[in-house]
Peer 1: 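I'd like to ask some things about the structure below.
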Amino acid sequence: MSDSSLLELSRWQFAITALYHFLFVPLTLGLSVLVAIMESVFVMTGRTVWRDMTRFWGTLFGINFAMGVATGITMEFQFGTNWAYYSHYVGDIFGVPLAIEGLMAFFLEATFIGLFFFGWDRLSRVQHLAVTWLVAIGSNLSALWILIANGWMQNPVGAHFNPDTMRMELTSIAAVIFNPVAQSKFVHTVSAGYVTGAMFVLSISAWFILKGRHLEVARRSATVAVSFGLAAALSVVVLGDESGYTANQHQKMKIAAMESMWHTEPAPAPFVAFGIPDVKNRTTHAEVKVPWVLGLIATRSTDQEVQGIYELVATARERIVSGIPAYTALRALRTNPKDSAARATLEAHSADLGYALLLRRYVSDPATASAEQIDQAAWDTVPSVGWLFWSFRLMVAMGFFFIALFAWGFWLAARRSCDRQRGFLRVALWSLPLPWLAAELGWVVAEHGRQPWAIEGVLPTFLAVSPIPTSSVAMSLVGFVLFYTTLAVVDVMLLRKYIRLGPSPVAGLAQH
Amino acid sequence: MPIDYATLKVIWWLLLGTLLVGFAIMDGFDLGAAILLPFVGRTDAERRVAINTVGPVWEGNQVWLILGGGAIFAAWPALYAASFSGFYLAMLLVLAALILRPVGFKFRSKMPSATWRSTWDWLLFAGGLVPALVFGVAMGNLLEGVPFGFDSELRAHYEFGLFDLLNPFALLCGLVSVAMLATHGARYLALKADGVVAARAAELSRWTALGWLLLFAAGGCWLAHSGYGYRISAGALAGAASDPLAKTVVTAPGAWLGNYQLWPVARGLPVLGLIAPLVLVLLPRARAPGTLFVCSALGVAGVIGTMGVSLFPFLLPSSSEPSSSLTVWDASSSARTLWIMLLATAVFLPIVLAYTAWVYRVLRGRVTVAHVEANPDSTY
């Protein structure tokens, strides 16, 4: 019972604007810390080459930061403009971390970023260093609150449904903040940002060294990048594993779809290193399985099962059936809030109300749904297996590649032979786009894997969309694509210009 | 929670008002400065002076808007949902402008080409003008009432498009907003820029302030003689759970002036919104640019305060289904969320204000052509 082209266009718009925003965020996270580290070395040693480094990378950071800010505003507005029912339904909880992000983190980074650029001759060295660190801390805190909000979409804890206000309401802010999914996503995402920052610095430094330019700055930058990058790449994989574990606790379907695992495997479950998911026939061809690995990652045990898609669909089916009385009771309560029998029924089945809402795609009153419709709705809980399976594998492969690359660089740097190994430098240069690709794929796994839910188990995406004219969304989508593409071209053009200009003699910010 | 639900709702109405005023004063001056950019600077160096007066601070200022949006989301989710989606294309216009501003400031002076720079100057102008106009137009539509309603599951539906919003009264409000923020921006430039840029800004502020004064007065007269106004006729208990459908609302011409009879002290707000521009018309070249900037800031607060008090307790009145109107009593978050957000604001807002003040202190003094030309690496 929903307008499918409105839904599809709205989802495309969200995906495109989010993925676009996420081109800038990881670099902001990583580069802010790297720049702060470089400036710390400058303040401690007093050697001006470190200040040149700070200014040069700081300039590139500034260009990237402006784009991150610009595209981030879209994200905050978009919940209201395009996902109005979502905003109404969960704003009581979801709005809190977003507002605190603005208050605690975004204000911090945005207020001090101006001084970072304009304050060099107005502040003492130590004051300026403090400003730089505050920008870095602000950026990272910002990621924390955003991921608390996002974690709640994946695992909606600390909230209950209130029929009188027709929405979810907060019961425990501590549960929302200390949501294990949010915590593991935060550390995983932030480390991915550090990898991106390190790769950015390493690749550009490698380019300088290959060209024989700015060697003083480039060598030192490369050394900082490989050390920081190695630590970050190790933690991104380890913490990604943590994400897998928490996902299996709370989003079993996501894990099953990522693995294209149609049936429950006996414990400990094997990991499918390769396979060709066949969604139509609900099977996977040409599987190459590595025994035990998935069981260890997902359950941290050798005796617990990892459930397959068929079994999880059966569970979803039960929950839909259990949710139908909740929905019927809710309708009764909306006409007569004093109906205590209905209130008791809703209370008893409240946890499954969201599952009954899945039926709204097929019938306006879930109580009248046929067995086939219930079956269809249960199968709707399976996200896009092909997308998840491949995105996840590519992301993981890149994660291991980053460890290898940074380890290689670290070993070379320790022997002070980084700049003589042209093979390494070329690999480092051409690896530049990979962290972005990995980060975007990670977003696909996390958010596409949440489908069909806007809020896991609570609110289906198709109900969350704003009931606005499809033409308006089509217009805005085209507008965003054109506008963002133009900006991206300008952004890359400027970055290239400033990279070519290099760090000396002055790390120019705005010159003729 | 030591504070009851009804009081929390009122506190949040005041807080959101504070945030809106904060936004209009802080981001308002750099929106206004952007509107005036092509007029106060004739050479590239002069324009760079104007840009560099706001260069180090606009990013922090824009957070007032972000925070305002976030706070509405958290404190009044129903309002956030209905207004942002209802005003869809208008919001996207604002968004486009707000996306242009960061990149415009950042990118403008990074290429030497005169065409490049003047293109960005006009984009920055549009980036300042569009939000100022749209916010004013939106306020006008709030006073008139907007055709929308809710079904029993509180799903909103709307019967208007972008062009319905551009009616004469709303456009008048849009012009009030543009004139007001341009004045405020001019007073900022007169305070922070140097030489000819500051002098031109001071001169311009006289005319924009005159526009502000006349348009605001005209808007007031129109409102007093129009049929606009709504009144809650039943339901909407201050302490009740937030359900916008649990009350009835009737149209009540003149109701927007009712609060000034109820609380005569509130009459100070529209008076402030008139006296401030009057002072600026009469004394544009006074030797105390700081005082005049404070004066225009107070005027901004007066105008926004007037909006809020006129509407209270309404937030978003519905003209097609008045009983679906959103009010302070039935559009807010749960008591727990309001309380937690109040604590967070009480802790963090003073910290924000403290470090913002420190940043402005570090950046004190005027931006001069000589400074911009001597410091190409630390200016825009």
Side-chain angles (χ1 to χ4, degrees), chain A residues 62-63 66-67 69-71 73-74 76-77 79-82 84-85 87-88 91-92 95-96 98-104 106-107 110-115 117-123 162 164-166 169-170 173 334 466-468 472 476 479 483 487 490 494 506-512, chain B residues 55-57 59-60 62-63 66-67 69-71 73-74 77-78 80-85 88-89 91-92 95-96 98-99 102-103 105-107 109-110 112 152-158 241-243 333-334 336-337 340-341 344-345 348-349 352 355-356 359 362-363 375-380:
Chain A
I63 295 171
M67 290 292 283
V69 170
T71 55
I73 301 170
T74 310
E76 197 190 7
F77 277 36
F79 291 105
T81 53
N82 292 79
Y85 200 59
S87 304
H88 155 75
D92 198 72
V96 173
L98 283 198
I100 296 181
E101 188 265 346
L103 207 47
M104 179 179 173
F106 195 42
F107 247 127
T111 305
F112 284 108
I113 188 98
L115 271 196
F117 290 108
F118 290 77
W120 284 104
D121 49 3
R122 287 173 181 264
L123 297 169
N162 181 352
D164 298 323
T165 52
M166 193 60 220
E169 289 183 356
L170 188 67
I173 186 68
R334 290 300 297 167
S466 296
I468 49 181
S472 297
S476 60
F483 192 34
L487 288 181
V490 174
L494 283 174
V506 252
L509 284 141
Q511 67 287 296
H512 294 276
Chain B
V57 293
E59 226 147 2
Q62 195 145 306
V63 183
I66 310 278
L67 181 60
F73 199 171
Y80 173 79
S83 61
F84 278 45
S85 59
Y88 187 74
L89 290 176
M91 288 309 286
L92 284 164
L95 202 52
L98 295 179
I99 293 171
V103 287
F105 284 120
K106 204 78 203 172
F107 292 178
S109 297
K110 286 200 160 46
S152 69
E153 290 179 4
L154 296 186
R155 184 177 296 277
H157 48 90
Y158 331 91
S242 288
D243 180 354
S333 290
S334 62
R336 184 187 304 274
T337 295
I340 288 165
M341 287 305 302
T345 311
F348 289 109
L349 200 57
V352 168
Y355 62 62
T356 304
V359 167
V362 170
L363 295 165
N375 294 284
D377 61 333
S378 61
T379 54
Y380 284 142

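Every chain is numbered from 1, with letters handed out A, B, ... down the list of sequences.
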Peer 1: Over all heavy atoms of both residues, which pair between B:Leu154 and A:Met166 is shortest? Give the atoms and the distance, please.
Peer 2: CD1-CB, 3.7 Å
Peer 1: Got a sec, which residues hit side-chain contact (heavy atoms from CB on, under 4.5 Å) with B:Ala241, two or more places apart in sequence or on another chain?
Peer 2: A:Asp164, A:Thr165
Peer 1: Side chains of B:Asp243 and A:Arg334: does their closest heavy-atom pair fall under 4.5 Å?
Peer 2: yes
Peer 1: So does B:Gly70 get a backbone contact from the side chain of A:Glu76, meaning a donor-acceptor N/O pair under 3.5 Å?
Peer 2: yes
Peer 1: So what's closer than 4.5 Å to chain A heavy atoms on B:Ile66: side chain, backbone, both or neither?
Peer 2: both
Peer 1: Nearest 0.5 Å, what's the OH-CZ distance between B:Tyr80 and A:Phe77?
Peer 2: 8.0 Å
Peer 1: Answer with side chain, backbone, both or neither: which region of A:Phe106 has an atom nearer than 4.5 Å to a non-hydrogen atom of chain B?
Peer 2: both
Peer 1: Between B:Ala344 and chain A, which part of the residue has a heavy atom less than 4.5 Å away: side chain, backbone, both or neither?
Peer 2: both
Peer 1: Considering non-hydrogen atoms only, spot the tightest contact between B:Met341 and A:Ile100 and give its length.
Peer 2: SD-CG1, 4.2 Å
Peer 1: Do you know which of B:Gly69, B:Gly55, B:Pro102 has the most heavy-atom pairs under 4.5 Å to chain A?
Peer 2: B:Pro102
Peer 1: Under 4.5 Å, counting heavy-atom pairs only, tell me which of B:Met91, B:Arg155, B:Gln62 racks up the most with chain A.
Peer 2: B:Arg155
Peer 1: Any chance you could measure A:Leu487, atom CG, to B:Ile99, atom CD1, to the nearest 0.5 Å?
Peer 2: 7.5 Å
Peer 1: Working to the nearest 0.5 angstrom, can you tell me the gap between A:Phe483 CZ and B:Leu92 CG?
Peer 2: 11.0 Å
Peer 1: Measure the CG-CZ distance between A:Leu98 and B:Phe73 for me, rounded to the nearest 0.5 Å.
Peer 2: 6.0 Å
Peer 1: For the ring pair B:Tyr355 and A:Phe112, is the centre-to-centre distance below 6.0 Å?
Peer 2: yes
Peer 1: Tell me, out of B:Val57, B:Thr345, B:Leu67, who's got the most heavy-atom pairs with chain A below 4.5 Å.
Peer 2: B:Leu67
Peer 1: Is there a side-chain contact between B:Leu98 and A:Thr74 in this structure, where contact means two heavy atoms from C-beta onward sitting under 4.5 Å apart?
Peer 2: no
Peer 1: Who pairs with B:Ala81 by side-chain contact (heavy atoms from CB on, under 4.5 Å), at least two apart in sequence or on another chain?
Peer 2: A:Ala84, A:Ser87, A:His88
Peer 1: Answer whether the closest heavy-atom distance between the side chains of B:Phe84 and A:Asn82 falls below 4.5 Å.
Peer 2: no
